[in-house]
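Counting starts at 1 for both ligands and their atoms, following the listed order. Every value quoted in this text rests on a predicted model; they were computed, and no experiment measured them.
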Amino acid sequence: MTEGAGERATFAIWQEEILRLIALILLSWLIGALAGYPILAIGLGITAYASWHLWQALRLVRWFKSREELEVPEASGIWGEVFGSLYRHQQRNHKDRQQLAAMIDEFQASTAALPDGVIVIDPAGCIGWCNDSAQELLGLQLPQDLGQRVINLLRSPLFVEYFERGSYEDEVVVHSPENDELILSIRIVAYGEGQRLLLARDISRMHQMERIRRDFVANASHELRTPLTVISGYLDMMADESAEAKPLAPWKAPLNEMSNQASRMGRIIEDLLKLARIEGPAAQRKEAIVDMPQLINIIQDEAQALSNGRHVLNIECDDDLMLLGYPVELQSVISNLVFNAIHYTPESGEIKVKWSSDSNGAHFTVADTGIGIEAKHIPRLTERFYRVDAGRSRETGGTGLGLSIVKHALEHHEGSLDIASEPNCGTTFSCHFPMARVRVREAAAS
Ligand code: ADP
C-alpha cells in the first residue's frame, strides 16, 4: 500500500469510528427516551464504549508484555487497524530475523569448515566467537574462552606487541600455544566499530620446506668449499708457474681465467653461507652493542684499497652513535653497500657515506655518482642473484647476493632499506634503524 492510500484508509477508519460513536449515542438516546431516562441511557452507552476501548488497550498491553509470543489479537474498527499494523510489522520482523539467522548459520558453517582459524574479537579485545580450526590451532576451548581477552590466551610477546600496535598491514609469525611444533601466521583485520577478525594459518609445512631449502644450500656450499679450496690452490700454483718460462707458459691465460673463476665461485659460496647463517635460527645469533663508527672505519680502509685512488670517498660519521644489533650482519651491510658503490661508480666519481641519527632512529647512507639503476629494476634488486647487468656484475667480482644479504640483515634489526637512483647520475642506498636500537657511546661504555 502506498503512503497516500494508507493515509486515506486510516482517515476512513477514523470516520467510521466517529460515525459509530454518533450512532451509539443516538441509539442510547432513543432507547433511553422510550424508557424515560435518555441521559442515563447515553451515559451507559458511552461507558460501554469506553470499556470496550479499555479492554482493547489491555489486550494490546498483554500482547506487548508477552514479547510477541502470543498471536496478535483480532478486533474491528480502529483497534483492528492497530492490531493489523502490528501483525504486519511482526511478520516483517520475523522474516528479517529468519533471514539474518540463516545468514549467520551459513557464515558460521562456512568459516567452521575453513582450515584457517578465525576468531571474532570485540572492541574490548575479547573473544566473541571462533571456529573449530582456531580451537585446534590456538588451543582455545569453547564456551569457557568466550569473553576472555585474546592476549590472556595468546601470550607470545610478538603477538601481544602486534595486537596492541593497532595497525595490521602485515602479519606475525608465532608458535602455537597448544603445540610448539606448529608455526602460525596470524593476521588481524579490523572492521565495523572497533571489531577485529583474527585469522591464523598453519605455515609449519612451508617453514619446514624453507628450512630444508636453507639447510640444503648451506650444506651444499659447505661441502663445495673444501674441494674448491684444493682446486684453487693448485690453479694458483700452476698460474704462478705459467708466468715463468716453463712448460705451462702456453696455458698462462686459461690458467689465470680458471683461477679467477675459482675465486668467484669461492666468493659465491662464502656469500651463500653468509646468507644461510643470516636466515638461520635466531638462537645462533648474538646481539651486542655494535661500534658502528669503528666498523665504518675498517671498511673505509678496505674501500680505499679497492678504489685504489680512483674515487673520492667522503665519510661523515657520528662517532658516538652505536647500535644494538648483530655485528657480523652489520659489517656485511656496510661492506656490501660501500663496495657496490665503488664497483658501480666510474673513475673520479664521488662516494658519500653517512652515519647519523634523528628523532626517527639511526641512518646509514651510501650515495654514489655512479651508473645508476633504472626504476624498473629497483624493486627486484634484493632478490638472490638479481643483477641489472650480469656481465658488469661478474666483471666487478659480484656474486649477486650482496643486497639480498643486506635486506635480511636489516630485517633482523627491524630496519628498512630505501633505494633512490637515476641512471647515469648515481644511487643512494639508505638503511634505517629504529630508535629502540640506538645507543650512545657513553651509555654503551657504562
Ligand atoms: P652484485 O654482487 O652483482 O653487486 P648485489 O646484490 O650487491 O649483487 O647487487 C645487485 C645488483 O644491483 C647489481 O648487480 C647491480 O646491478 C645493482 N647495484 C647494486 N649497487 C649498485 C650501485 N651502487 N649502483 C648501481 N647499481 C648497483
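Nearest non-hydrogen protein atom to atom 3 (O) of ligand 1 is Ser393 OG, 2.5 Å. Among protein heavy atoms, the minimum distance from atom 23 (N) of ligand 1 is reached at Asp368 OD2, 2.9 Å. With respect to atom 12 (O) of ligand 1, the closest heavy atom belonging to the protein is Leu381 CD2, 3.3 Å. Among protein heavy atoms, the minimum distance from atom 19 (C) of ligand 1 is reached at Asn340 ND2, 3.5 Å. Of all protein heavy atoms, the one closest to atom 26 (N) of ligand 1 is Ile373 CG1, 3.3 Å. Ranking the protein heavy atoms by distance from atom 4 (O) of ligand 1 puts Tyr344 OH, 2.9 Å first.
Salt bridge absent: Lys274 and Glu270 never bring a charged side-chain N and a carboxylate O closer than 4.0 Å.
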| task | In sequence, state the C-alpha distance, the side-chain angles, and the governing distance for Ser356 and Asp318, and then conclude on side chain to side chain donor-acceptor pair (under 3.5 Å). | result | CA-CA 6 Å; Ser356 62; Asp318 179 344; over 6 Å; no

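Listed by atom number, the atoms of ligand 1 under 4.0 Å from Thr399 heavy atoms are 2 (O). Annotation for ligand 1: atoms under 4.0 Å from non-hydrogen atoms of Val388 are 14 (O), 16 (O). Taking every non-hydrogen atom of Leu403 and a distance limit under 4.0 Å, the qualifying atoms of ligand 1 come out as 5 (P), 6 (O), 7 (O), 9 (O), 10 (C), 12 (O), 19 (C). Close approach of ligand 1 to Gly402 (heavy-atom distance below 4.0 Å) involves ligand atoms 5 (P), 6 (O), 7 (O). Which parts of ligand 1 touch Arg387 is read off a 4.0 Å heavy-atom cut-off, strictly below it: atoms 3 (O), 14 (O).
Using 4.0 Å as the threshold, Asn336 has no heavy atom nearer than that to any atom of ligand 1. Residue contacts with ligand 1 include Gly400, since one of its heavy atoms falls under 4.0 Å from the ligand.
Looking at ligand 1, you won't find any N or O of Ser404 less than 3.5 Å from one of its N or O atoms. Between Tyr386 and ligand 1, no N or O atom pair is found at a separation short of 3.5 Å.
Contact check for Ile371 versus Pro423: no side-chain heavy atoms found under the 4.5 Å cut-off. Contact of the Asp202 side chain with the Ile183 side chain is not registered, since no non-hydrogen atoms from C-beta on lie closer than 4.5 Å. Using a 4.5 Å heavy-atom cutoff, the side chains of Val388 and Glu374 are not in contact.
Between Arg187 and Tyr168, the closest heavy-atom pair is NH2-O, 3.6 Å. Shortest non-hydrogen contact noted between Asn256 and Ala239 is OD1-CB, 3.6 Å.
Of the residues Asn314, Thr345, Thr369, the one that meets the side-chain hydrogen bond (donor to acceptor under 3.5 Å, both in side chains) test with Glu350 is Asn314. With Leu337 as reference, Cys431 is the one residue of Cys431, Ser430, Ser332 to meet the side chain to side chain contact (heavy atoms under 4.5 Å, CB included) rule. Each of Arg213, Gln208, Arg214, His207 was scored for a side-chain hydrogen bond (donor to acceptor under 3.5 Å, both in side chains) with Glu210, with one residue passing: Arg213.
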